[in-house]
Amino acid sequence: MGLKVYNTLTRQKEEFTPLHEGFVGMYVCGPTVYSHSHIGHGKSYVSFDVIVRYLRYLGYKVLYVQNITDVGHLLDDGEDRILKQSKADRIHPMQVAEIFARSYFEDMDKLGAVRADISPRATGHITEQIELTQQLVEKGFAYEANGSVYFDVRKFADYGKLSGRNLNDMMEGTRVESRSEKRHPADFALWKKAEPEHIMRWPSPWGEGFPGWHVECSAMSMKYLGESFDIHGGGLDNQFPHHECEIAQSVSATNKPFVKYWMHNNLVTVAGQKMSKSLGNFVTLKDAFKKYDPLVVRFFILQSHYRSTLDFSDEALNGARSGLEKLVNTLRNVHAEIAKAEAEKRPETREIDLQAHRTRYRDAMDDDFNTPQAIAELFDVAKDVNQALNSYKKISASELQSVAKFFQELGVEVLGILAKEPSLGVSADGNIQVELIQLLIDLRNEVRQQKLWALSDLIRDGLKKAGITIEDKKDGTVWKKTT
RNA sequence: GGCGCGGUACCCAAGUGGUAAGGGAGAGGUCUGCAAAACCUUUAUGCGCCGGUUCGAAUCCGGCCCGCGCCUCCA
């Protein structure tokens, strides 16, 4: 059974077969950099990160492109988001873009999202956007009006196909467009004339102006991935109008299919309502990281399916923390046990059916990237492992290493929810703090021998306050940093 | 109003025809000086409600109730 992907275009799961064997071209709509990212952004980019990682795990060579929008994304009142922020902060718009682009990368790095291979910026691709707009004008799909250029949606028969709507339905219930320069209310800007006070402006065949929001994604995706490519991803809220417009522009310009698989992640909710900047119910990632380890946030996100909504609450996040800790503890114990097994030269064992677990894990991921089920499989392995470690069976070093490899590949490399190196907290690495902690543990074990429990607990509590948790095992005391 | 999605235990959340995954929390137990960790047992005769199809439905069909998203910027 091969990989199946839910395609928004056909509204069903389809067998995944890339346009070019062994190669996947993938574009994901990136952030508009005018403020810090929130949990919702985290869900989107972590979701697509796992998709990229899994495709690579399957052996595909993936070219992953994700844009940075730093111009042209207009608000209701026609003001550019970035310009608005720059006025509020009294700094140059490109400073705004730079500050929040860095903030975005910082947050995503913490979440363990692998960086895109190419992160093109809209302002760096003005030429391409003008060229695309020009093509559309020449072919009659777009028209100039008063220094701006609009796409004529009535010229594109499939407009609305992706989002399942038609122009007539859209006419009704839509606010009457007062701007008379458009021929149809749904027509969208490819190029906008810059008013005199508009700072971000570029020369064009239609005078000074700036590109519309939708055109950047068409221009940049096709530049780096070709006129037709495999996967285009983004948040569900970008399905219309953004992605609809991208299809209209790209197909009209090239007369070729644009994207084979459209993928949309669902949104993060708070008390059932969408987390968004306009509602003001958002939690920035930076704030979340003050309370929760970034990997806990990542784990929380991946415990639900990317196409499901995910309800954010402290209760749920705390639950995720405890759950992830269980996996981390297990992996740490496995690594500790490996050292013992090697020292004891234990004979070969086969206690855990890793192959069966791996198959179930892959079946889950092959089914449209079902990460919750894949994670459940990791927990099942953890249970098997802990049962074995709890019993008096002596698992061999090589079997333990297979378990460690299992977690390394499927938990670290594909899902990215486990850190590369579990902190064992049992061996000194020359670090004086480690030596001191070990000294305290030895001291405590000495007083425990003498049954001086109060003194023993004083040391344990003191270490706990210092962020060190200790566990007394059958064959010795281990410690770890408190999460 | 149009289009779409969802309602599964105390919380989060898989499951789309074969008799309810997983995690957290709670309860009891094993282990332990006590903790911690881990393990064991336990917690939905039932998956919004009402009908229907079927040997069999959380899953399919119809109706209803509720929530949400998009249609205007949003990951």
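Here is the naming used below: chain letters follow the sequence lines, and residue numbers restart at 1 for every chain. None of the values given here were measured: they were computed from a predicted structure.
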When rounded to whole Å, the OH to C1' distance for the pair Tyr306(A) and G6(B) reads 16 Å

Any strand, both distances under 3.5 Å, Watson-Crick or G-U wobble: C70(B) pairs with G2(B)

ask   = With a 4.0 Å cut-off on heavy atoms, is Gly234(A) in touch with a base, just the backbone sugar-phosphate, or nothing at all?
value = sugar-phosphate

Note to self: Quiz question: by atom type and distance under 3.5 Å, do the side chains of His125(A) and Tyr224(A) form a donor-acceptor pair?
What the structure shows: yes

Lys481(A) atom NZ is separated from A37(B) atom C1', nearest whole Å, by 19 Å

Would Arg115(A) and Phe105(A) count as a cation-pi pair here, with the cationic atom under 6.0 angstrom from the ring centre and within 45° of the axis? yes

Fill in: Interatomic distance at P, C31(B) relative to U19(B), whole Å
37 Å

For this session: Classify the nucleic acid contact of Ser391(A) as base, sugar-phosphate or nothing, counting any heavy atom under 4.0 Å across all strands shown.
Result: nothing

* To do: Quote, to the nearest angstrom, the P distance that separates A35(B) from U45(B).
  => 33 Å

Between CG of Asp367(A) and P of A13(B) the distance, given in whole Å, is 19 Å

Expected list for residues 451-458 of chain A near RNA chain B, using heavy atoms below 4.0 Å, is Trp453(A), Ser456(A), Asp457(A)

For C39(B), the nucleotide meeting Watson-Crick or G-U wobble distances (both under 3.5 Å) is G29(B)

Check: Gln438(A)/Asp442(A) side-chain N/O donor and acceptor closer than 3.5 Å
yes

Checking N1-N3 plus N6-O4 or O6-N4 for Watson-Crick, or N1-O2 and O6-N3 for wobble, each under 3.5 Å, the partner of U54(B) is none

Original post:
Base, sugar-phosphate alone, or nothing: which one does Thr330(A) contact when heavy atoms must sit under 4.0 Å apart?
Top reply: nothing

Practice item. Would you indicate what Asn265(A) reaches in the nucleic acid, counting non-hydrogen atoms under 4.0 angstrom: base, sugar-phosphate, or nothing? Key: base

Any N/O donor-acceptor pair, Arg448(A) side-chain to G33(B) base, under 3.5 Å
yes

### Query
Can you find a side chain N or O atom of Lys474(A) that sits less than 4.0 Å from OP1 or OP2 on A38(B)?
no

What integer number of Å spans the P atoms of G56(B) and G18(B)?
-> 15 Å

message = Categorize Leu267(A) for me: base, sugar-phosphate, or nothing, with a 4.0 angstrom heavy-atom threshold over every strand shown.
response = base

Closest to the side chain of Pro241(A), out of G33(B), A75(B), C71(B), is C71(B)

Can you check the distance between U16(B) and A37(B), where both ends of the measurement are the C1' atom (answer in whole Å)? 38 Å

- Residues Lys480(A), Asn329(A); criterion side chain to side chain donor-acceptor pair (under 3.5 Å); working and verdict: CA-CA 9 Å; Lys480(A) 63 182 180 182; Asn329(A) 284 337; 2.9 Å; yes

Mate of U45(B) across any strand shown (Watson-Crick or G-U wobble, both atom pairs under 3.5 Å) is none

- [ ] For Asn386(A), report the nucleic acid contact type (base, sugar-phosphate, nothing); a contact means any heavy atom under 4.0 Å.
- [x] sugar-phosphate

- prompt: Considering only heavy atoms from C-beta outward, does the side chain of Tyr104(A) approach that of Tyr45(A) to under 4.5 Å?
  reply: yes

Check your understanding: Angle class for the Tyr261(A)/Phe16(A) ring planes (parallel below 30°, perpendicular above 60°, tilted otherwise)?
Key -> tilted

Worksheet item: Taking the P atom of each, how far is G29(B) from C11(B), in whole Å?
Response: 26 Å

Next on the checklist: Taking the cut-offs as 6.0 angstrom to the six-membered ring centre and 45 degrees off its axis, would you call Arg165(A) and Phe240(A) a cation-pi pair?
Outcome noted: yes

Query - Any Lys326(A) side-chain N or O less than 4.0 Å from OP1/OP2 of C39(B) - result: yes

**Q.** Polar contact flag, side-chain donor to acceptor under 3.5 angstrom, Asp311(A)-Thr269(A)
**A.** yes

Using a distance-only criterion (donor-acceptor N/O pair, under 3.5 Å, no hydrogens), is the base of C34(B) paired with the side chain of Asp472(A)? yes

**Item:** Non-hydrogen side-chain atoms of Phe258(A) and Ser221(A) separated by less than 4.5 Å
**Value:** yes

- Task: Pick the P atom in A25(B) and in C3(B), then give their distance to the nearest Å.
- Result: 45 Å

Between CD1 of Ile375(A) and P of G15(B) the distance, given in whole Å, is 13 Å

Side-chain contact check for Arg444(A): nearest option of G33(B), A37(B), A14(B) is G33(B)

Of G15(B), C71(B), C12(B), the nucleotide closest to the side chain of Gln373(A) is G15(B)

Between CG of Asn390(A) and C1' of G29(B) the distance, given in whole Å, is 14 Å

Residues in residues 315-325 of chain A with a heavy atom under 4.0 Å of RNA chain B, by number, are Glu315(A), Ala316(A), Gly319(A), Ser322(A), Gly323(A)

Against the side chain of Lys274(A), the closest entry in A37(B), G69(B), A13(B) is G69(B)

Output, in order, the C-alpha distance, side-chain angles, deciding distance and verdict of ring-ring contact (aromatic ring centres under 6.0 Å, His included) for Tyr34(A) and Phe100(A).
-> CA-CA 6 Å; Tyr34(A) 68 101; Phe100(A) 293 110; 7.7 Å; no

Correct closest heavy-atom pair for Lys274(A) and Asp237(A) would be NZ-OD2, 3.4 Å

Does the pair Phe369(A) and Tyr6(A) meet the rule for a ring-ring contact (aromatic ring centres under 6.0 Å, His included), with working shown?
-> CA-CA 9 Å; Phe369(A) 310 98; Tyr6(A) 182 88; over 10 Å; no

note: Leu162(A), atom CG; G4(B), atom P; distance rounded to Å ~ 13 Å

- G22(B) OP1/OP2 closer than 4.0 Å to side-chain N/O of Gln303(A): no

Need one value for Arg460(A): base, sugar-phosphate or nothing, where a base atom within 4.0 Å counts as base even if backbone is also close, heavy atoms only. base

When both distances are under 3.5 Å in a Watson-Crick or G-U wobble arrangement, the nucleotide paired with C10(B) is G24(B)

field: Whole-angstrom distance between A57(B) and C50(B), as gauged at atom P
entry: 15 Å

* G7(B) versus C60(B) - spacing of their P atoms, nearest Å -> 11 Å

Within the 4.0 Å heavy-atom criterion, would you say His38(A) contacts the bases, only the backbone, or no part of the nucleic acid? base

When rounded to whole Å, the CG to P distance for the pair Leu327(A) and C39(B) reads 11 Å

With sugar-phosphate meaning primed atoms plus P, OP1 and OP2, does Tyr45(A) contact a base, only sugar-phosphate, or nothing at under 4.0 Å between heavy atoms? sugar-phosphate

- prompt: What is the nucleic acid contact for Gln387(A), judged by heavy atoms within less than 4.0 Å: base, sugar-phosphate only, or nothing?
  reply: sugar-phosphate

Under 4.0 Å between any heavy atoms, over every strand shown, what does Ile470(A) touch: base, sugar-phosphate, or nothing? Just pick one.
base

*Compute whether any side-chain donor of one residue and acceptor of the other, for Thr8(A) and His264(A), lie under 3.5 angstrom apart.*
yes

The nucleotide from C12(B), G22(B), A75(B) with an atom nearest the side chain of Asp237(A) is A75(B)

Quiz item: Distance check: side-chain N/O of Asn370(A) vs OP1/OP2 of A14(B), anything under 4.0 Å?
Solution: no

_So, OP1 or OP2 of A37(B): does either fall under 4.0 Å of a side-chain N or O from Thr469(A)?_
no

Separation of A75(B) atom P from Phe100(A) atom CZ, nearest Å, is 13 Å

